[in-house]
There are 2 protein chains.
Amino acid sequence: MSLKHAIMVLLETEAGSGYDLLKRFKQRLGFFWQASHQQIYQQLKVMHQAGLIDYSVDNQQGKPDRKIYVMTEAGHKELISWLNQACKPQKINDSLLVKLYGGHLLDTAVLLEEIQAHREQHNKALSIMLEIEQQYQTLSDLERSKLALPFLTLRRGILGEKAWLAWADEVEIFLMTQN
Amino acid sequence: MSLKHAIMVLLETEAGSGYDLLKRFKQRLGFFWQASHQQIYQQLKVMHQAGLIDYSVDNQQGKPDRKIYVMTEAGHKELISWLNQACKPQKINDSLLVKLYGGHLLDTAVLLEEIQAHREQHNKALSIMLEIEQQYQTLSDLERSKLALPFLTLRRGILGEKAWLAWADEVEIFLMTQN
DNA sequence: CGTTAATATGCAATTTTTTGCATATTTTAT
DNA sequence: ATAAAATATGCAAAAAATTGCATATTAACG
(Lines give C-alpha, C1' and ligand atoms only; values in the text may rest on other atoms or scores of the structure.)
Protein backbone atom coordinates (compact mmCIF):
# COMPACT_ATOMS: atom_id res chain seq x y z
CA MET A 1 0.00 0.00 0.00
CA SER A 2 1.52 3.29 -0.98
CA LEU A 3 -1.14 5.93 -0.49
CA LYS A 4 0.71 6.30 2.78
CA HIS A 5 3.95 6.93 0.95
CA ALA A 6 2.43 9.28 -1.58
CA ILE A 7 1.08 11.35 1.31
CA MET A 8 4.51 11.34 2.91
CA VAL A 9 6.19 12.51 -0.29
CA LEU A 10 3.79 15.46 -0.28
CA LEU A 11 4.12 16.16 3.45
CA GLU A 12 7.91 15.85 3.41
CA THR A 13 8.38 19.16 1.63
CA GLU A 14 5.52 21.00 3.33
CA ALA A 15 3.12 20.46 6.22
CA GLY A 16 -0.58 20.68 5.51
CA SER A 17 -4.16 19.69 6.31
CA GLY A 18 -6.15 16.87 4.74
CA TYR A 19 -7.69 19.23 2.27
CA ASP A 20 -4.33 20.75 1.42
CA LEU A 21 -3.14 17.25 0.61
CA LEU A 22 -6.21 16.55 -1.52
CA LYS A 23 -5.39 19.65 -3.53
CA ARG A 24 -1.75 18.67 -3.86
CA PHE A 25 -2.76 15.22 -5.06
CA LYS A 26 -4.97 16.74 -7.73
CA GLN A 27 -2.47 19.34 -8.83
CA ARG A 28 0.76 17.42 -8.63
CA LEU A 29 0.13 13.67 -8.64
CA GLY A 30 -3.27 13.72 -10.28
CA PHE A 31 -2.15 12.02 -13.49
CA PHE A 32 -0.61 9.03 -11.78
CA TRP A 33 -2.10 8.79 -8.31
CA GLN A 34 -5.75 9.17 -7.54
CA ALA A 35 -7.08 9.46 -4.01
CA SER A 36 -10.45 10.58 -2.67
CA HIS A 37 -10.82 12.95 0.26
CA GLN A 38 -12.23 10.13 2.39
CA GLN A 39 -9.22 8.01 1.66
CA ILE A 40 -6.86 10.82 2.60
CA TYR A 41 -8.56 11.78 5.88
CA GLN A 42 -8.77 8.12 6.90
CA GLN A 43 -5.16 7.47 6.00
CA LEU A 44 -3.95 10.53 7.90
CA LYS A 45 -5.74 9.21 10.98
CA VAL A 46 -4.08 5.79 10.85
CA MET A 47 -0.71 7.31 9.98
CA HIS A 48 -0.99 9.51 13.03
CA GLN A 49 -1.87 6.50 15.16
CA ALA A 50 1.19 4.75 13.75
CA GLY A 51 3.34 7.71 14.67
CA LEU A 52 4.40 8.50 11.10
CA ILE A 53 2.97 11.99 11.24
CA ASP A 54 1.97 14.47 13.90
CA TYR A 55 -0.47 17.38 13.85
CA SER A 56 -1.16 20.70 15.45
CA VAL A 57 -4.69 22.06 15.59
CA ASP A 58 -5.29 25.31 13.78
CA ASN A 59 -8.26 26.65 15.72
CA GLN A 60 -10.02 29.01 13.38
CA GLN A 61 -12.82 31.22 14.61
CA GLY A 62 -16.21 29.87 13.54
CA LYS A 63 -14.72 27.53 10.93
CA PRO A 64 -14.07 23.89 11.80
CA ASP A 65 -10.65 23.07 13.20
CA ARG A 66 -7.84 22.26 10.81
CA LYS A 67 -5.31 19.60 11.69
CA ILE A 68 -1.98 20.59 10.20
CA TYR A 69 0.03 17.44 9.70
CA VAL A 70 3.82 17.25 9.73
CA MET A 71 6.19 14.34 9.24
CA THR A 72 7.77 12.76 12.30
CA GLU A 73 11.27 11.32 12.39
CA ALA A 74 9.74 7.83 12.23
CA GLY A 75 7.70 8.87 9.20
CA HIS A 76 10.77 10.22 7.47
CA LYS A 77 12.64 6.97 8.09
CA GLU A 78 9.73 4.91 6.83
CA LEU A 79 9.56 7.04 3.67
CA ILE A 80 13.28 6.75 2.98
CA SER A 81 13.09 3.01 3.53
CA TRP A 82 10.14 2.68 1.12
CA LEU A 83 11.90 4.79 -1.50
CA ASN A 84 14.87 2.45 -1.33
CA GLN A 85 12.80 -0.67 -1.84
CA ALA A 86 11.81 -1.88 -5.28
CA CYS A 87 8.18 -0.99 -5.84
CA LYS A 88 5.75 -3.72 -6.69
CA PRO A 89 4.50 -3.77 -10.27
CA GLN A 90 1.66 -1.39 -11.03
CA LYS A 91 -1.76 -2.98 -11.05
CA ILE A 92 -3.71 -2.18 -14.17
CA ASN A 93 -7.44 -2.58 -14.51
CA ASP A 94 -8.73 -0.89 -17.62
CA SER A 95 -12.41 -1.57 -18.17
CA LEU A 96 -12.48 0.22 -21.52
CA LEU A 97 -10.23 -2.50 -22.91
CA VAL A 98 -12.40 -5.22 -21.38
CA LYS A 99 -15.34 -3.63 -23.12
CA LEU A 100 -13.50 -3.43 -26.41
CA TYR A 101 -12.42 -7.05 -26.04
CA GLY A 102 -16.04 -8.05 -25.67
CA GLY A 103 -17.17 -5.50 -28.24
CA HIS A 104 -18.71 -8.13 -30.54
CA LEU A 105 -21.61 -8.23 -28.07
CA LEU A 106 -22.18 -4.56 -28.65
CA ASP A 107 -23.28 -2.06 -31.24
CA THR A 108 -20.31 -0.55 -33.08
CA ALA A 109 -21.84 2.90 -32.68
CA VAL A 110 -21.95 2.54 -28.88
CA LEU A 111 -18.32 1.46 -28.84
CA LEU A 112 -17.37 4.41 -31.00
CA GLU A 113 -19.18 6.85 -28.73
CA GLU A 114 -17.42 5.44 -25.71
CA ILE A 115 -14.03 5.78 -27.36
CA GLN A 116 -14.80 9.32 -28.38
CA ALA A 117 -15.88 10.26 -24.87
CA HIS A 118 -12.62 8.88 -23.53
CA ARG A 119 -10.71 10.70 -26.24
CA GLU A 120 -12.12 13.97 -25.00
CA GLN A 121 -10.90 13.26 -21.50
CA HIS A 122 -7.46 12.30 -22.73
CA ASN A 123 -7.28 15.32 -24.99
CA LYS A 124 -8.15 17.58 -22.11
CA ALA A 125 -5.58 15.95 -19.86
CA LEU A 126 -2.92 16.28 -22.54
CA SER A 127 -3.57 19.94 -23.16
CA ILE A 128 -3.34 20.72 -19.45
CA MET A 129 -0.05 18.86 -19.28
CA LEU A 130 1.32 20.62 -22.34
CA GLU A 131 0.47 23.93 -20.76
CA ILE A 132 2.35 23.02 -17.60
CA GLU A 133 5.26 21.92 -19.75
CA GLN A 134 5.27 25.31 -21.48
CA GLN A 135 5.30 27.09 -18.13
CA TYR A 136 8.19 24.92 -17.01
CA GLN A 137 10.23 25.91 -20.05
CA THR A 138 9.92 29.59 -19.15
CA LEU A 139 11.49 29.07 -15.71
CA SER A 140 15.07 29.91 -14.83
CA ASP A 141 17.74 27.21 -14.95
CA LEU A 142 17.72 27.03 -11.16
CA GLU A 143 13.95 26.63 -10.92
CA ARG A 144 13.95 24.05 -13.69
CA SER A 145 16.62 21.99 -12.03
CA LYS A 146 14.68 22.05 -8.75
CA LEU A 147 11.61 20.74 -10.54
CA ALA A 148 13.46 18.32 -12.79
CA LEU A 149 12.01 15.14 -11.27
CA PRO A 150 8.39 16.33 -11.13
CA PHE A 151 8.92 17.46 -14.71
CA LEU A 152 9.91 13.92 -15.67
CA THR A 153 6.66 12.61 -14.21
CA LEU A 154 4.87 15.19 -16.34
CA ARG A 155 6.74 13.90 -19.40
CA ARG A 156 5.43 10.43 -18.60
CA GLY A 157 1.92 11.83 -18.63
CA ILE A 158 2.47 13.62 -21.93
CA LEU A 159 4.00 10.62 -23.71
CA GLY A 160 1.35 8.34 -22.25
CA GLU A 161 -1.53 10.52 -23.39
CA LYS A 162 -0.09 10.95 -26.86
CA ALA A 163 0.21 7.19 -27.16
CA TRP A 164 -3.36 6.76 -26.00
CA LEU A 165 -4.62 9.22 -28.59
CA ALA A 166 -2.61 7.58 -31.38
CA TRP A 167 -4.20 4.28 -30.39
CA ALA A 168 -7.66 5.84 -30.36
CA ASP A 169 -7.07 6.92 -33.97
CA GLU A 170 -6.46 3.30 -34.94
CA VAL A 171 -9.56 2.16 -33.10
CA GLU A 172 -11.76 4.83 -34.62
CA ILE A 173 -10.53 4.13 -38.12
CA PHE A 174 -11.32 0.46 -37.62
CA LEU A 175 -14.75 1.06 -36.11
CA MET A 176 -15.75 3.58 -38.76
CA THR A 177 -14.84 1.31 -41.66
CA GLN A 178 -16.79 -1.47 -40.01
CA ASN A 179 -20.40 -0.68 -41.04
CA MET B 1 -16.70 -3.16 -10.03
CA SER B 2 -15.88 -4.88 -13.24
CA LEU B 3 -13.92 -7.99 -12.34
CA LYS B 4 -17.40 -9.45 -12.54
CA HIS B 5 -17.80 -8.16 -16.05
CA ALA B 6 -14.35 -9.17 -17.18
CA ILE B 7 -15.15 -12.70 -16.03
CA MET B 8 -18.41 -12.59 -17.93
CA VAL B 9 -16.72 -11.43 -21.12
CA LEU B 10 -14.46 -14.48 -20.84
CA LEU B 11 -17.27 -16.88 -19.90
CA GLU B 12 -19.60 -15.57 -22.59
CA THR B 13 -17.66 -17.23 -25.40
CA GLU B 14 -16.72 -20.39 -23.49
CA ALA B 15 -17.58 -22.09 -20.21
CA GLY B 16 -14.74 -22.91 -17.83
CA SER B 17 -13.48 -23.47 -14.29
CA GLY B 18 -11.88 -20.93 -12.01
CA TYR B 19 -8.45 -21.99 -13.09
CA ASP B 20 -9.41 -21.87 -16.75
CA LEU B 21 -10.47 -18.30 -16.18
CA LEU B 22 -7.23 -17.47 -14.41
CA LYS B 23 -5.34 -18.72 -17.45
CA ARG B 24 -7.56 -16.75 -19.80
CA PHE B 25 -7.00 -13.63 -17.77
CA LYS B 26 -3.26 -14.08 -18.01
CA GLN B 27 -3.21 -14.95 -21.68
CA ARG B 28 -5.82 -12.61 -23.01
CA LEU B 29 -6.46 -9.72 -20.64
CA GLY B 30 -3.16 -9.84 -18.80
CA PHE B 31 -1.90 -6.51 -20.08
CA PHE B 32 -4.94 -4.56 -19.00
CA TRP B 33 -6.72 -6.55 -16.33
CA GLN B 34 -4.99 -8.25 -13.47
CA ALA B 35 -6.76 -10.66 -11.14
CA SER B 36 -5.43 -13.19 -8.63
CA HIS B 37 -6.77 -16.72 -8.35
CA GLN B 38 -8.26 -15.92 -4.97
CA GLN B 39 -10.13 -12.99 -6.41
CA ILE B 40 -11.49 -15.10 -9.25
CA TYR B 41 -12.66 -18.03 -7.12
CA GLN B 42 -14.29 -15.66 -4.67
CA GLN B 43 -15.96 -13.65 -7.38
CA LEU B 44 -17.29 -16.78 -9.08
CA LYS B 45 -18.91 -17.78 -5.79
CA VAL B 46 -20.71 -14.48 -5.33
CA MET B 47 -21.68 -14.36 -8.99
CA HIS B 48 -23.21 -17.80 -8.66
CA GLN B 49 -25.11 -16.70 -5.57
CA ALA B 50 -26.35 -13.70 -7.54
CA GLY B 51 -27.55 -15.99 -10.34
CA LEU B 52 -25.30 -14.50 -13.00
CA ILE B 53 -23.59 -17.81 -13.65
CA ASP B 54 -24.33 -21.48 -13.07
CA TYR B 55 -22.03 -24.46 -12.77
CA SER B 56 -21.90 -28.19 -13.29
CA VAL B 57 -19.52 -30.33 -11.27
CA ASP B 58 -16.91 -32.19 -13.26
CA ASN B 59 -16.24 -35.11 -10.92
CA GLN B 60 -12.76 -36.29 -11.76
CA GLN B 61 -11.39 -39.51 -10.25
CA GLY B 62 -8.89 -38.77 -7.48
CA LYS B 63 -8.49 -35.11 -8.45
CA PRO B 64 -10.55 -32.43 -6.73
CA ASP B 65 -13.87 -31.56 -8.32
CA ARG B 66 -13.97 -28.90 -11.00
CA LYS B 67 -16.87 -26.50 -11.16
CA ILE B 68 -17.47 -25.63 -14.78
CA TYR B 69 -19.16 -22.26 -14.90
CA VAL B 70 -21.54 -21.08 -17.61
CA MET B 71 -23.38 -17.82 -18.12
CA THR B 72 -27.05 -17.68 -17.22
CA GLU B 73 -29.61 -15.60 -19.07
CA ALA B 74 -29.52 -13.11 -16.19
CA GLY B 75 -25.74 -12.96 -16.46
CA HIS B 76 -25.91 -12.32 -20.17
CA LYS B 77 -28.39 -9.50 -19.65
CA GLU B 78 -26.24 -7.96 -16.93
CA LEU B 79 -23.20 -8.12 -19.20
CA ILE B 80 -24.99 -6.51 -22.12
CA SER B 81 -26.32 -3.81 -19.85
CA TRP B 82 -22.83 -3.11 -18.45
CA LEU B 83 -21.35 -2.98 -21.94
CA ASN B 84 -23.89 -0.35 -22.91
CA GLN B 85 -23.11 1.86 -19.96
CA ALA B 86 -20.27 4.36 -20.02
CA CYS B 87 -17.43 2.93 -17.98
CA LYS B 88 -16.08 4.94 -15.10
CA PRO B 89 -12.64 6.48 -15.64
CA GLN B 90 -9.72 4.15 -15.04
CA LYS B 91 -8.07 4.53 -11.68
CA ILE B 92 -4.34 4.96 -11.93
CA ASN B 93 -1.92 4.43 -9.05
CA ASP B 94 1.64 4.31 -10.24
CA SER B 95 4.08 4.13 -7.36
CA LEU B 96 7.13 4.38 -9.60
CA LEU B 97 6.09 7.93 -10.47
CA VAL B 98 5.49 8.76 -6.80
CA LYS B 99 9.00 7.57 -6.14
CA LEU B 100 10.43 9.60 -8.98
CA TYR B 101 8.49 12.64 -7.78
CA GLY B 102 10.13 12.26 -4.39
CA GLY B 103 13.43 11.21 -5.91
CA HIS B 104 15.36 14.12 -4.37
CA LEU B 105 15.23 12.14 -1.11
CA LEU B 106 17.01 9.31 -2.80
CA ASP B 107 20.30 8.31 -4.34
CA THR B 108 20.31 8.82 -8.10
CA ALA B 109 21.87 5.39 -8.57
CA VAL B 110 18.99 3.70 -6.73
CA LEU B 111 16.48 5.56 -8.87
CA LEU B 112 18.34 4.54 -12.00
CA GLU B 113 18.39 0.88 -10.98
CA GLU B 114 14.68 0.95 -10.32
CA ILE B 115 13.96 2.46 -13.72
CA GLN B 116 16.18 -0.11 -15.40
CA ALA B 117 14.44 -2.99 -13.61
CA HIS B 118 11.10 -1.65 -14.79
CA ARG B 119 12.48 -1.21 -18.28
CA GLU B 120 13.29 -4.90 -18.39
CA GLN B 121 9.73 -5.77 -17.49
CA HIS B 122 8.32 -3.43 -20.08
CA ASN B 123 10.74 -4.68 -22.71
CA LYS B 124 9.70 -8.23 -22.03
CA ALA B 125 6.03 -7.37 -22.17
CA LEU B 126 6.54 -5.52 -25.45
CA SER B 127 8.39 -8.36 -27.12
CA ILE B 128 5.67 -10.84 -26.14
CA MET B 129 3.06 -8.53 -27.57
CA LEU B 130 5.01 -7.99 -30.77
CA GLU B 131 5.23 -11.74 -31.20
CA ILE B 132 1.49 -12.11 -30.82
CA GLU B 133 1.06 -9.31 -33.32
CA GLN B 134 3.28 -11.16 -35.80
CA GLN B 135 1.23 -14.33 -35.36
CA TYR B 136 -1.94 -12.35 -35.94
CA GLN B 137 -0.62 -11.04 -39.24
CA THR B 138 -0.13 -14.58 -40.55
CA LEU B 139 -3.79 -15.48 -40.02
CA SER B 140 -6.39 -15.63 -42.79
CA ASP B 141 -8.64 -12.65 -43.44
CA LEU B 142 -11.51 -14.45 -41.77
CA GLU B 143 -9.53 -15.28 -38.62
CA ARG B 144 -8.16 -11.77 -38.45
CA SER B 145 -11.59 -10.24 -38.71
CA LYS B 146 -12.85 -12.48 -35.93
CA LEU B 147 -10.02 -11.35 -33.69
CA ALA B 148 -10.09 -7.72 -34.75
CA LEU B 149 -11.23 -6.32 -31.41
CA PRO B 150 -8.82 -8.35 -29.24
CA PHE B 151 -6.14 -7.27 -31.70
CA LEU B 152 -6.99 -3.64 -31.02
CA THR B 153 -6.49 -4.21 -27.30
CA LEU B 154 -3.10 -5.69 -28.17
CA ARG B 155 -2.29 -2.57 -30.16
CA ARG B 156 -3.05 -0.52 -27.06
CA GLY B 157 -0.52 -2.61 -25.18
CA ILE B 158 2.11 -2.20 -27.88
CA LEU B 159 1.71 1.56 -28.23
CA GLY B 160 1.58 1.94 -24.45
CA GLU B 161 4.77 -0.03 -23.89
CA LYS B 162 6.63 1.81 -26.65
CA ALA B 163 5.64 5.11 -25.05
CA TRP B 164 6.80 3.87 -21.67
CA LEU B 165 10.18 2.87 -23.07
CA ALA B 166 10.61 6.17 -24.88
CA TRP B 167 9.94 7.94 -21.59
CA ALA B 168 12.41 5.70 -19.77
CA ASP B 169 15.07 6.84 -22.27
CA GLU B 170 14.44 10.44 -21.27
CA VAL B 171 14.61 9.58 -17.59
CA GLU B 172 17.82 7.60 -17.93
CA ILE B 173 19.51 10.30 -19.94
CA PHE B 174 18.60 12.81 -17.27
CA LEU B 175 19.70 10.63 -14.36
CA MET B 176 22.97 9.67 -16.01
CA THR B 177 23.96 13.27 -16.72
CA GLN B 178 23.15 14.14 -13.14
CA ASN B 179 26.32 13.13 -11.29
C1' DC C 1 -32.09 38.21 -0.57
C1' DG C 2 -32.07 33.47 -1.23
C1' DT C 3 -30.42 29.49 -3.58
C1' DT C 4 -26.75 26.92 -5.39
C1' DA C 5 -22.06 25.64 -5.80
C1' DA C 6 -17.63 25.29 -3.94
C1' DT C 7 -14.68 24.78 0.09
C1' DA C 8 -13.52 21.99 4.06
C1' DT C 9 -13.71 18.04 7.37
C1' DG C 10 -14.97 13.74 8.89
C1' DC C 11 -17.61 9.00 10.32
C1' DA C 12 -19.58 4.48 9.29
C1' DA C 13 -20.99 0.68 6.50
C1' DT C 14 -20.12 -1.89 2.62
C1' DT C 15 -17.49 -3.74 -1.00
C1' DT C 16 -13.29 -5.19 -2.92
C1' DT C 17 -8.65 -6.61 -2.71
C1' DT C 18 -4.76 -8.60 -0.55
C1' DT C 19 -2.39 -11.79 2.31
C1' DG C 20 -1.73 -15.98 4.42
C1' DC C 21 -2.94 -20.35 4.83
C1' DA C 22 -4.46 -25.24 3.43
C1' DT C 23 -4.64 -29.21 0.42
C1' DA C 24 -3.97 -32.60 -3.32
C1' DT C 25 -2.24 -34.10 -7.86
C1' DT C 26 0.84 -34.11 -11.72
C1' DT C 27 4.99 -33.03 -14.01
C1' DT C 28 9.91 -32.05 -14.15
C1' DA C 29 14.51 -32.27 -12.65
C1' DT C 30 18.40 -34.39 -10.11
C1' DA D 1 13.38 -42.90 -6.63
C1' DT D 2 12.80 -38.59 -4.54
C1' DA D 3 12.42 -33.80 -4.19
C1' DA D 4 10.82 -29.76 -6.10
C1' DA D 5 7.93 -27.12 -8.96
C1' DA D 6 3.82 -26.43 -11.37
C1' DT D 7 -1.10 -27.30 -11.60
C1' DA D 8 -5.52 -26.73 -9.41
C1' DT D 9 -8.94 -25.34 -5.84
C1' DG D 10 -10.49 -22.96 -2.05
C1' DC D 11 -11.27 -20.54 2.95
C1' DA D 12 -10.68 -16.84 6.25
C1' DA D 13 -8.76 -12.73 8.18
C1' DA D 14 -7.00 -8.33 7.40
C1' DA D 15 -6.27 -4.27 4.80
C1' DA D 16 -7.80 -0.88 1.60
C1' DA D 17 -11.04 1.51 -1.23
C1' DT D 18 -15.68 2.99 -2.21
C1' DT D 19 -20.14 4.74 -1.14
C1' DG D 20 -23.25 7.19 1.45
C1' DC D 21 -23.99 10.19 4.82
C1' DA D 22 -23.34 14.43 7.85
C1' DT D 23 -22.03 19.17 8.77
C1' DA D 24 -20.60 24.02 8.42
C1' DT D 25 -18.66 28.07 5.96
C1' DT D 26 -17.82 30.99 2.08
C1' DA D 27 -18.41 32.53 -2.63
C1' DA D 28 -21.14 33.21 -6.72
C1' DC D 29 -25.39 33.79 -9.28
C1' DG D 30 -29.77 35.59 -10.46
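Every chain is numbered from 1, with letters handed out A, B, ... down the list of sequences. Values below: all heavy atoms of this structure, side chains included; hydrogens, waters and symmetry mates excluded. Quick caveat: nothing in here was measured; it's all calculated off a predicted structure.
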Separation of [N] [atom2] from [X] [atom1] (nearest whole Å):
{"X": "B/K26", "N": "D/dA8", "atom1": "NZ", "atom2": "P", "value": "11 Å"}
{"X": "A/L21", "N": "C/dA8", "atom1": "CG", "atom2": "P", "value": "13 Å"}
{"X": "B/L44", "N": "C/dT17", "atom1": "CG", "atom2": "P", "value": "13 Å"}
{"X": "B/L22", "N": "D/dG10", "atom1": "CG", "atom2": "C1'", "value": "13 Å"}
{"X": "A/Q42", "N": "D/dA15", "atom1": "CD", "atom2": "C1'", "value": "11 Å"}
{"X": "A/L3", "N": "C/dT18", "atom1": "CG", "atom2": "P", "value": "15 Å"}
{"X": "A/K4", "N": "D/dA17", "atom1": "NZ", "atom2": "C1'", "value": "15 Å"}
{"X": "B/Q39", "N": "C/dT15", "atom1": "CD", "atom2": "P", "value": "16 Å"}

Please produce a list of atom pairs where a protein N or O lies less than 3.5 Å from an N or O of nucleotides 21-23 of chain C.
none

**Request:** Could you list the residues that satisfy salt bridge (Lys or Arg N to Asp or Glu O under 4.0 Å) with A/R155, not counting sequence neighbours?
**Result:** A/E133, B/E170
**Message:** For B/E113, give me all partners under salt bridge (Lys or Arg N to Asp or Glu O under 4.0 Å), at least two apart in sequence or on another chain.
**Reply:** none
Would you be so kind as to tabulate the donor-acceptor pairs closer than 3.5 Å made by side chains of residues 23-30 of chain A, with sequence neighbours excluded?
residue	atom	partner	partner atom	Å
A/R24	NH1	A/L10	O	2.9
A/R24	NH1	A/E14	O	2.7
A/R24	NH2	A/E14	O	3.4
A/R24	NH2	A/A15	O	2.8

Quick one: side chains of residues 83-90 of chain B, donor-acceptor pairs under 3.5 Å with protein atoms, not counting sequence neighbours, listed by atom name and distance.
residue	atom	partner	partner atom	Å
B/N84	ND2	B/I80	O	2.8
B/Q85	NE2	B/S81	OG	3.3

[X] side chain N/O closer than 4.0 Å to the phosphate oxygens (OP1, OP2) of [N]?
{"X": "B/K67", "N": "D/dG10", "value": "yes"}
{"X": "B/K45", "N": "D/dC11", "value": "yes"}
{"X": "B/Q43", "N": "C/dT16", "value": "no"}

Does any pair with a residue in [range] pass ring pair (Phe, Tyr, Trp, His ring centres under 6.0 Å), and if so which ones, sequence neighbours excluded?
{"range": "residues 34-55 of chain A", "result": "A/H48-A/Y55, A/Y55-A/Y69"}
{"range": "residues 105-132 of chain A", "result": "A/H122-A/W164"}
{"range": "residues 82-117 of chain A", "result": "A/H5-A/W82"}

**Message:** With salt bridge (Lys or Arg N to Asp or Glu O under 4.0 Å) as the rule and sequence neighbours excluded, what pairs involving residues 134-147 of chain B come up?
**Reply:** B/D141-B/R144
**Prompt:** Do NZ/NE/NH1/NH2 and the carboxylate oxygens of A/D169 and A/R119 come within less than 4.0 Å?
**Reply:** yes
**Request:** Look at B/D94 together with A/R156 and state whether they make a salt bridge at an N to O cut-off of under 4.0 Å.
**Result:** no
**Request:** With sequence neighbours excluded, tell me which residues meet side chain to side chain contact (heavy atoms under 4.5 Å, CB included) with B/K4.
**Result:** B/M1, B/M8, B/Q43, B/M47, B/L52, B/E78
**Nucleic acid contacts of residues 74-101 of chain A, taken as heavy-atom distances under 4.0 Å to DNA chain C** = A/K88, A/K91
Return the polar atom pairs (N/O with N/O) between nucleotides 5-7 of chain D and the protein under 3.5 Å, or none.
none

